[in-house]
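A, B, ... follow the sequence lines: proteins, then strands. Residue 1 opens every chain.
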Amino acid sequence: MSNPTLRTRFAPSPTGYLHIGGARTALFNWLLARRLGGKFILRIEDTDQQRNIPEAEAKLMQDMRWLGIDWDEGPDVSGPHGPYRQSERLDAYRAAADKLIDAGLAYFAFDTAEELDALRKQAAAEKKAFKYARPNPLPSRADADRARAAGKPVVIRLAVPHVEMVVHDEILGDVTFAAGEVEDFVIFKSDGFPTYHFAVVLDDDHMQITHVLRAQEHLMNTPKHIFIQRALGFRTPQYAHLPLVFNMDGSKMSKRDKAKDIAAGRLPREIDVHDFRVSGYLPEAIVNFIALVGWSPGQDREKMTRDEMTQLFTLDRINKTSGRFDRDKLLAMNTDYIAAATPARLLSGFRDYAAATNSPLAALDDAKLAAALAACKGFRTFKDIDTKVGPLFAADESITFNPDAVAKTLAKNNGQGYATLEKLTPVLESVATWTAENLDAAIKNYCEQNAAKMGDVAQPLRVALTGNTISPSIGETLTLLGRDATLRRVRRCRETRS
RNA sequence: GGCCCCAUCGUCUAGUGGUCAGGACAUCGGAUUUUCGAUCCGACAACGCGGGUUCGAUUCCCGCUGGGGUCACCA
């Protein structure tokens with residue numbers, strides 16, 4: 001079952017990083033294309049001059065590549081149906097609009113924003129739905145020129161036929177809109193740019209898109225798009241509207257959440273793909289997780305490689321129900337992926353993470369880093385590595401002692417912890433070969449001779465060496481730190497006793 | 001408010017005209033443990049309500065309720 005003529009696309013507008021919801025839309029389009037041997041196209045929808053952000057396009061592409069979602073045609077790889085940026089296709093949009101005007105299928109309108117606003121308010125006051133009233137006769141080109149000369153805004157509206165419209169949706173089934181539901185909407189803005197509706201339809205036709213998978217919030221736009229297609233004589237692609245994804249509390253996942261979290265003194269939630277990268281997630285875990293929000297291969301399958309998903313993906317297994325983004329489950333999945341990753345993948349994954357952050361471990365060579373990663377068995381994200389072993393590779397002076405940790409492990413019982421450090425120093429100094437095994441053995445031996453529990457020794461040591469109670473197992477910790485630094489830090493810690 | 005979509009554990013979901021309604025995450029309990037992770041074992045937990053259709057509905061139909069989306073010269 002393959003379909004080489006199948007073409008899907010992802011068409012983000014360049015307003016920032018790739019949103020996690022957008023990533024899912026991109027993934028589903030990609031999955032379908034890969035499943036059926038079709039093509040996946042990336043197109044940049046930059047018709048809103050106000051909102052475009054220069055860096056955004058590059059970021060979007062970087063995030064997609066990071067997730068492993070690659071495209072066959074796009075702004076940077078070109079292809080037979082370009083250009084793949086809407087701002088570079090203005091002539092085509094204008095020509096099409098002209099054609100519609102000439103055919104009487106679209107017409108000029110000169111209303112100001114204020115006038116429209118007033119009409120809408122009035123309709124609302126009368127509890128009626130506002131529908132733009134088509135003038136009769138339609139304004140001529142001369143009228144448009146006069147309006148322009150008079151400084152009025154000139155837009156083009158589609159003359160929408162008064163007929164029922166049935167949208168065939170691959171996920172939702174047939175959705176019917178009564179005649180008159182769709183008003184004469186704007187297809188060309190007064191700034192000379194097409195609206196989204198007009199541009200998508202022209203682009204999808206031009207790029208021979210056969211399947212449009214997009215978020216369900218576009219469902220109400222679909223009749224508009226089909227009306228444009230009919231006016232232009234285009235065929236209609238297959239539509240599939242994906243269920244929405246929300247926060248756990250049911251609210252929209254928005255970049256604003258981050259600002260809200262910061263304002264509330266919380267750690268900002270991850271919203272963009274890039275945020276998850278910075279938080280230390282593995283892209284394959286993210287891809288697996290987002291695929292499962294709104295889609296399921298059945299048979300209780302959850303863990304899947306990209307290839308497995310590609311084999312299993314079908315439109316008829318996409319759900320209609322909207323979902324919530326369960327970060328706990330993502331974290332658990334990431335933990336599993338990390339546990340299952342090869343040392344080499346962990347290494348490359350961490351390098352990737354470090355490139356996007358200011359990880360204190362960025363400067364380590366591969367051998368050191370691999371050792372650090374191995375010492376942290378059971379970690380959940382790459383960020384955990386930073387907190388767990390970061391202090392071991394920082395300068396001695398940068399170690400600050402957590403007061404709670406000091407109180408609990410060192411100062412308690414008249415400074416028992418400090419006393420332990422003192423007694424332990426010669427033990428450590430006498431370890432002939434500084435390996436995790438030897439150090440563990442020496443410390444265990446010390447515990448036995450002094451009737452101490454492992455925690456009584458390990459915890460004071462941890463605090464002395466890192467300022468905190470978190471580090472790999474004590475032998476690993478000492479090995480990663482090295483003999484000299486260990487003895488230095490123990491001394492330094494005892495000297496700081498207040 | 002108009003239009004449209006949706007409805008299985010707290011969450012993501014599997015599933016069937018007759019099932020002990022399954023899995024995963026979370027939660028709770030226990031085990032393990034030198035910290036934080038992690039790991040192991042166990043438990044709790046769902047078919048929104050009301051009508052039909054049917055020998056029998058969680059499953060099919062209708063209504064209700066609830067949730068959501070959308071009503072721009074944004075995409």
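- Candidate nucleotides C73(B), A26(B), U70(B) were compared by shortest atom distance to the side chain of A332(A), and A26(B) ranks first.
- Of the side-chain N and O atoms in R157(A), one or more sit less than 4.0 angstrom from OP1 or OP2 of C73(B).
- Nucleotide G63(B) has C49(B) as its partner under the Watson-Crick or G-U criteria, with both atom distances under 3.5 Å.
- For C3(B) and U8(B), the P atoms lie 25 Å apart once the distance is rounded to whole Å.
- Look at the P atom in both U59(B) and C49(B): the space between them is 10 Å, to the nearest Å.
- Nucleotide C55(B) forms a Watson-Crick or G-U wobble pair with G18(B), both donor-acceptor distances falling under 3.5 Å.
- Both W295(A) and G378(A) sit near RNA chain B, but only W295(A) has its closest nucleotide nearer the 5' end.
- Other residues, nucleotides and ligands contribute at most 12 non-hydrogen atoms within 6.0 Å of the NZ atom of K453(A).
- Side-chain atoms of E181(A) and base atoms of G2(B) include no donor and acceptor less than 3.5 Å apart.
- For the C1' atoms, the distance linking C36(B) with C41(B) amounts to 22 Å, nearest Å.
- Taking the side chain to side chain donor-acceptor pair (under 3.5 Å) definition, one finds that Q459(A) meets it with R462(A), sequence neighbours left out.
- Across the strands present, C9(B) finds no partner; the criterion is a Watson-Crick or G-U wobble pair with both atom distances under 3.5 angstrom.
- Comparing the same atom, P, in A46(B) and in U11(B) gives a spacing of 12 Å after rounding to whole Å.
- OP1 or OP2 of G22(B) has not a single side-chain nitrogen or oxygen of R301(A) nearer than 4.0 Å.
- Under the 6.0 Å distance and 45° angle rule, K59(A) counts as a cation-pi partner of Y17(A).
- Judged by atom type and distance alone, D384(A) does not reach the base of G37(B) through any side-chain donor-acceptor pair under 3.5 Å.
- When the shell of 6.0 Å around CZ of R256(A) is examined, it contains 12 or fewer heavy atoms from other residues, nucleotides or ligands.
- For the P atoms, the distance linking C12(B) with G68(B) amounts to 13 Å, nearest Å.
- Listed candidates were U8(B), G15(B), U34(B). Nearest to the side chain of S473(A) is U34(B).
- Positionally, the nearest nucleotide of RNA chain B for E302(A) lies more toward the 5' end than for the other of E45(A) and E302(A).
- Rounded to the nearest Å, the gap between the P atom of A31(B) and that of G50(B) is 44 Å.
- Residue T335(A) is in sugar-phosphate contact alone, with no base atom involved, counting any heavy-atom pair closer than 4.0 Å across all strands shown.
- Of the nucleotides present, U39(B) is the one that pairs with A31(B) by Watson-Crick or G-U wobble criteria, both distances under 3.5 Å.
- In this structure, a donor-acceptor pair under 3.5 Å is absent between the side chains of D205(A) and Q229(A).
- Residue pairs that meet the side chain to side chain donor-acceptor pair (under 3.5 Å) test with at least one member in residues 288-300 of chain A, sequence neighbours left out, are N288(A)-Y337(A).
- The aromatic ring centres of Y239(A) and H168(A) sit 6.0 Å or more apart.
- The separation of C64(B) from A21(B), taken at their P atoms, amounts to 31 Å, rounded to a whole angstrom.
- Here the nucleotide nearest the side chain of P153(A), chosen from C73(B), A14(B), G69(B), is C73(B).
- For the pair R134(A) and Y132(A), the cation-pi criterion (under 6.0 Å, within 45° of the ring axis) is not fulfilled.
- Spacing between atom CD of E164(A) and atom P of C4(B) amounts to 10 Å, rounded to whole angstrom units.
- The backbone N or O of I209(A) lies less than 3.5 Å from no partner atom in the side chain of D204(A), so there is not a single donor-acceptor pair.
- Between the side chain of K320(A) and the base of C6(B) there is no donor-acceptor pair of N/O atoms closer than 3.5 Å.
- A heavy atom lying under 4.0 Å from RNA chain B marks the following residues of residues 188-197 of chain A, by number: K189(A), S190(A), Y196(A), H197(A).
- A 3.5 Å limit on both hydrogen-bonding distances identifies G1(B) as the Watson-Crick or G-U partner of C71(B).
- Across all strands shown, A26(B) has no partner, as no Watson-Crick or G-U wobble contact with both distances under 3.5 Å is found.
- Listed nucleotides: U13(B), C25(B), C73(B). Nearest to the side chain of S296(A): U13(B).
- Considering only side-chain atoms of R51(A), the nucleotide from C5(B), A75(B), U11(B) that sits closest is A75(B).
- Judged by atom type and distance alone, K329(A) does not reach the base of A26(B) through any side-chain donor-acceptor pair under 3.5 Å.
- Among the atoms of the strands shown, only primed sugar atoms or phosphate atoms (P, OP1, OP2) are found under 4.0 Å from some heavy atom of R120(A).
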